[in-house]
Amino acid sequence: MSNKRPLVETSLTDPIALVSARLGPWLSQRAGGGDIDAVVRPSDHADAQINGALPLAKQLGCNPRDLATEIVDSGQLADLCSETEVAGPGFINVTFSNSVINSLLTEVANDEHLGLRQASNARTVVVDYSAPNVAKEMHVGHLRSTVIGDALVRMYTAAGHRVIRENHIGDWGRPFGMLIEHLLDLGEEVAASGLGQGDLDSFYKAANAKFSESEEFQERSRQRVVLLQGGDEETHVLWNRLVAMSTEYFNTVYEQLGVLLVDDDLMGESKYQPLMPETLARLEASGLMSESEGAKVVFPPGFTNRDGDPLPLIVQARTGGFNYATSDLACVIDRVERLHADLMLYVIGAPQQQHLEMVFAVANMAGWMPDGVSAIHVAFGNVLGDDKKMLRSRSGESVKLVDLLSEAVERAASAVEEKNPSLSDSERADVAQMIGIGAVKYADLSTDRVRDYVFDWDRMLAFDGNTSPYLQYAHARIRSIFRRAADDQVSAGAIAVHEAAERALGLRLLSYPAAVADALESNSPHRLCTYLFELAQLFTAFYEHCPVMKSEGDIRASRLALCDLTARTLSAGLDLLGIDAPEQM
RNA sequence: GCCCCCGUAGCUCAGUGGAUAGAGCAACGGUUUCCUAAACCGCAGGUCGCAGGUUCGAGUCCUGCCGGGGGCGCCA
């Protein structure tokens with residue numbers, strides 16, 4: 001039961017949710033018990049359609065149209081709907097009454113959360129995302145994890161949950177012997193000037209090249225790993241330098257990208273090292289662990305290798321070393337027992353699926369994930385170039401994230417310069433930052449995350465279509481109305497929809513909490529993107545057909561209020577995606 | 001060989017077991033003394049990869065194929 005708690009509290013201002021809540025108990029009583037979903041959905045045929053009569057009629061063995069009629073005649077909908085009609089095999093098409101829409105809109109307009117309620121049963125959600133490697137460049141592969149994770153953090157927080165961000169950086173393991181030796185060879189100051197300025201690739205590559213060329217360097221590196229793992233003080237000082245230089249660099253990227261990650265969120269591989277022996281001991285004690293080919297392993301059922309034999313999760317290598325399976329298991333223990341996580345999200349690429357399934361399976365077998373605790377792999381696909389292959393730079397290397405972001409801002413700046421020359425240099429720079437970064441993020445968030453997507457500058461920066469600039473522009477247009485309205489001493493008032501375009505816009509505004517819920521429940525930010533795009537389209541239709549400043553009295557006050565609510569909804573929705581909404585552009 | 005993911009309009013993508021599968025872009029045709037035309041309206045465009053099955057009802061669920069991508073023991 002505990003894991004059936006809704007992640008987003010049912011909206012009290014969404015008429016679809018109200019109808020659903022109203023009919024649920026009635027249907028349940030009619031069916032003689034059990035939870036019955038009225039299956040209320042937005043409809044092309046009316047404001048909404050109720051589909052629940054069909055499956056229930058089947059269950060009760062009665063005629064679906066008769067049951068639909070019975071539902072209509074029950075009077076349950078009388079105060080919410082101005083029209084109800086039984087259609088087809090047993091659908092009920094409903095039209096919400098304008099007075100209900102008006103009062104709900106006025107209520108939402110006065111709610112700083114726009115109808116989104118705080119979870120009454122807040123969960124503790126750990127979000128594992130970004131995870132760059134120390135002394136290695138951040139590339140487009142980190143973009144997806146960082147951007148999707150950031151959006152999820154913002155959405156869960158907005159829904160009232162306690163969210164713990166964890167940046168599981170790669171700061172431990174075999175390569176660090178080599179990296180520390182290279183640091184010593186270069187001298188710390190030289191290394192600092194390179195790493196600090198974001199030239200991580202050449203540092204790593206140089207170390208790697210030396211490693212493959214020089215046996216002497218290899219030997220030093222091996223010894224250095226031993227020193228590092230043995231807790232040698234001088235080695236740890238050097239290692240700390242290396243980590244600090246990298247994380248400082250990561251922070252500049254996070255700042256440019258506008259994500260919430262800070263140093264307090266760092267929870268690298270190294271942090272779990274001390275927990276590994278105990279993790280192993282607990283596996284041993286549980287009787288799950290066995291030995292295979294010299295390694296300590298656990299065989300979770302249902303996984304097989306190339307030859308069809310059981311596939312082990314290796315928790316201790318033949319050499320005695322721990323690996324990422326061990327640390328991921330230690331991670332589960334830490335998150336459940338120290339952080340008291342209810343829900344653990346792993347924003348990690350799709351190729352890791354089997355590994356994570358095995359880790360979760362073993363953690364479950366060991367009893368480390370009790371009832372009510374769940375772990376979800378929030379998987380994502382690749383970023384592709386226009387050749388439909390993994391995005392690469394012209395030289396064939398992976399694209400540095402910083403280069404990609406600065407190009408986005410440059411492209412946005414020239415677009416803004418062309419379209420709005422009246423902005424000052426500093427205004428243009430600010431706006432270009434919001435548009436450029438927003439475009440990159442939105443392109444990443446607006447399609448189903450599990451699919452690959454094609455990275456296309458022209459499409460993501462277009463001011464038409466399902467893009468961030470389009471949404472930002474819709475917002476900026478509304479804000480410009482209020483700059484003028486301020487001069488006229490007019491203000492927003494109670495909302496009363498009359499025209500079809502007003503009504504359609506108003507209804508969509510009321511479904512903002514449902515859109516957030518949809519996105520959250522499937523950990524799919526693109527559902528929120530789709531909602532915001534449709535909202536922006538409905539706004540432009542409204543703005544086309546319904547004069548705002550040129551209307552008068554209550555109508556103008558109502559339309560101004562609709563404009564204001566739309567701007568706030570766009571801004572809030574974009575904010576949940578980690579995207580800024582400029583006042584002008 | 002086994003397992004996972006993806007396949008929807010020319011292109012990029014939405015689509016919660018519900019009615020006639022929708023947007024955007026591109027193309028075509030319109031709208032401009034009008035609040036930001038960076039817009040809007042219209043028109044066209046589909047064997048939802050293929051074949052079975054479950055269901056009152058399948059793009060959606062199940063099975064098998066085809067095509068693309070990925071994974072499959074001591075790196076993370």
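Quick note on labels: first sequence line is chain A, next is B, and so on, each numbered from 1. Values reported hereafter were calculated over all heavy atoms of this structure, with side chains retained and with hydrogens, waters and symmetry mates removed.
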Legend entry - B:C40 phosphate, OP1 or OP2, under 4.0 Å from A:T540 side-chain N/O: yes
Inset, instruction - Name the closest nucleotide to the A:T447 side chain, picking from B:A38, B:A14, B:C35. - result: B:A14
Legend entry - Partner nucleotide of B:A23 by Watson-Crick or wobble geometry (both distances under 3.5 Å): B:U12
Inset, instruction - Determine if A:Y543 stacks with B:C35; use a centre-to-centre distance below 5.5 Å and an interplanar angle below 30° as the criteria. - result: yes
Legend entry - Nearest-Å distance for atom pair CD/P, residues A:E417 and B:A38: 17 Å
Legend entry - Residue whose nearest RNA chain B nucleotide is more 5′ - A:V40 or A:F299: A:V40
Inset, instruction - Classify the nucleic acid contact of A:F322 as base, sugar-phosphate or nothing, counting any heavy atom under 4.0 Å across all strands shown. - result: sugar-phosphate
Inset, instruction - Determine the interplanar angle of the A:W457 and A:F455 rings, folded into 0 to 90°, and report it as parallel if under 30°, tilted if 30 to 60°, perpendicular if over 60°. - result: perpendicular
Legend entry - Parallel, tilted or perpendicular, as decided by the 30° and 60° cut-offs, for the rings of A:H168 and A:Y272: parallel
Legend entry - Touch class at under 4.0 angstrom, heavy-atom based, for A:C546 against every strand present: base
Legend entry - A:R451 side-chain N/O to B:U12 phosphate OP1/OP2 under 4.0 Å: no
Legend entry - Closest nucleotide among B:G15, B:C5, B:A76 to the A:H526 side chain: B:G15
Inset, instruction - Ignoring backbone atoms, test whether A:Q537 places a side-chain nitrogen or oxygen under 4.0 Å from the OP1 or OP2 oxygen of B:G24. - result: yes
Inset, instruction - Give A:E534 one of three labels, base, sugar-phosphate or nothing, depending on what nucleic acid heavy atoms sit under 4.0 Å from its own. - result: nothing
Inset, instruction - For A:A476, answer base if it contacts any base atom (sugar-phosphate contacts may also be present), sugar-phosphate if it contacts only those atoms, and nothing otherwise; contact means non-hydrogen atoms under 4.0 Å. - result: base
Legend entry - B:U16 to B:C62 separation - P atoms, rounded to the nearest Å: 14 Å
Legend entry - Nearest-angstrom distance from the residue atom OH of A:Y470 to C1' of B:A37: 13 Å
Inset, instruction - Would you mind telling me which of B:U16, B:A38, B:A76 lies closest to the side-chain atoms of A:N420? - result: B:A38
Inset, instruction - Classify the angle between the aromatic ring planes of A:Y512 and A:Y531 as parallel (below 30°), tilted (30 to 60°) or perpendicular (above 60°). - result: tilted
Inset, instruction - Please evaluate the base of B:U16 for a donor-acceptor partner in the side chain of A:R41 within a cut-off of under 3.5 Å? - result: yes
Inset, instruction - May I ask you to verify whether the side chain of A:T530 and the base of B:G15 hold a donor-acceptor pair under 3.5 Å? - result: no
Inset, instruction - Could you check whether A:P175 gets within reach of a base, just the sugar-phosphate, or nothing at all, counting any heavy atom under 4.0 Å? - result: nothing
Inset, instruction - Could you verify whether a donor N or O on one side chain and an acceptor N or O on the other, from A:N208 and A:H182, lie under 3.5 Å apart? - result: no
Inset, instruction - Would you state whether a donor and an acceptor, one from the side chain of A:N93 and one from the base of B:A19, lie under 3.5 Å apart? - result: yes
Legend entry - Nucleotide forming a Watson-Crick or wobble pair with B:G7, both distances under 3.5 Å: B:C66
Inset, instruction - Please indicate yes or no: is the ring centre of A:H45 less than 5.5 Å from the centre of the six-membered base ring of B:A19, with the two planes inclined by under 30 degrees? - result: yes
Legend entry - Protein-nucleotide distance (A:Q353, atom CD; B:C5, atom P), rounded to Å: 6 Å
Inset, instruction - Look at the side-chain N and O atoms of A:K389 and state whether any lies under 4.0 Å from the OP1 or OP2 oxygen of B:G70. - result: no
Inset, instruction - Any strand is fair game: report the nucleotide pairing with B:G18 by Watson-Crick or G-U wobble, both distances under 3.5 Å, or none. - result: B:C56
Inset, instruction - Identify whether the distance between the nearest side-chain nitrogen and carboxylate oxygen of A:E534 and A:R508 falls below 4.0 Å. - result: yes
Inset, instruction - In whole angstrom, give the distance that lies between atom CZ of A:R449 and atom P of B:G69. - result: 23 Å
Inset, instruction - Run the salt-bridge test on A:D47 and A:R503 with the 4.0 Å N-O cut-off and return the result as yes or no. - result: yes
Legend entry - Nearest-nucleotide comparison on RNA chain B, the residue closer to the 5′ end among A:R477 and A:N305: A:R477
Inset, instruction - Measure the distance between the ring centre of A:F91 and the centre of the six-membered base ring of B:A19, then answer whether it is under 5.5 Å with planes under 30°. - result: yes
Legend entry - Separation of B:U16 P from A:D448 CG (nearest whole Å): 10 Å
Inset, instruction - Indicate, with a heavy-atom threshold strictly under 4.0 Å, whether A:P89 touches base, sugar-phosphate, or nothing. - result: nothing
Legend entry - Aromatic stack A:Y473/B:A38: centroid gap under 5.5 Å, interplanar angle under 30°: yes
Legend entry - Interatomic distance, A:Q352 CD vs B:C3 P [rounded to whole Å]: 21 Å
Inset, instruction - Report yes if at least one side-chain N or O of A:R527 is closer than 4.0 Å to OP1 or OP2 of B:U16; otherwise report no. - result: yes
Legend entry - Nucleotide B:C11, atom P - distance to CG of A:D456 in whole Å: 14 Å
Inset, instruction - Report the base-pairing partner of B:A37 (Watson-Crick or G-U wobble, both distances below 3.5 angstrom), or none. - result: none
Inset, instruction - Please check if any side-chain donor atom of A:S511 sits under 3.5 Å from a side-chain acceptor atom of A:D14, or the reverse. - result: no
Inset, instruction - Would you mind pulling out the nucleotide paired to B:C72, Watson-Crick or G-U wobble, both distances under 3.5 Å? - result: B:G1
Inset, instruction - Measure from the side chain of A:K388, starting at C-beta and using heavy atoms only, and say which of B:G73, B:U12, B:C72 lies closest. - result: B:U12
Inset, instruction - Return no unless some side-chain N or O of A:H545 is found under 4.0 Å from OP1 or OP2 of B:C41. - result: no
Legend entry - Charged N-O contact under 4.0 Å between A:E166 and A:R335: yes
Inset, instruction - State which of B:A38, B:G73, B:A76 makes the closest approach to the side chain of A:E293. - result: B:G73
Legend entry - Touch class at under 4.0 angstrom, heavy-atom based, for A:I481 against every strand present: nothing
Legend entry - Distance, rounded to the nearest Å, where A:H355 contributes NE2 and B:C5 contributes P: 18 Å
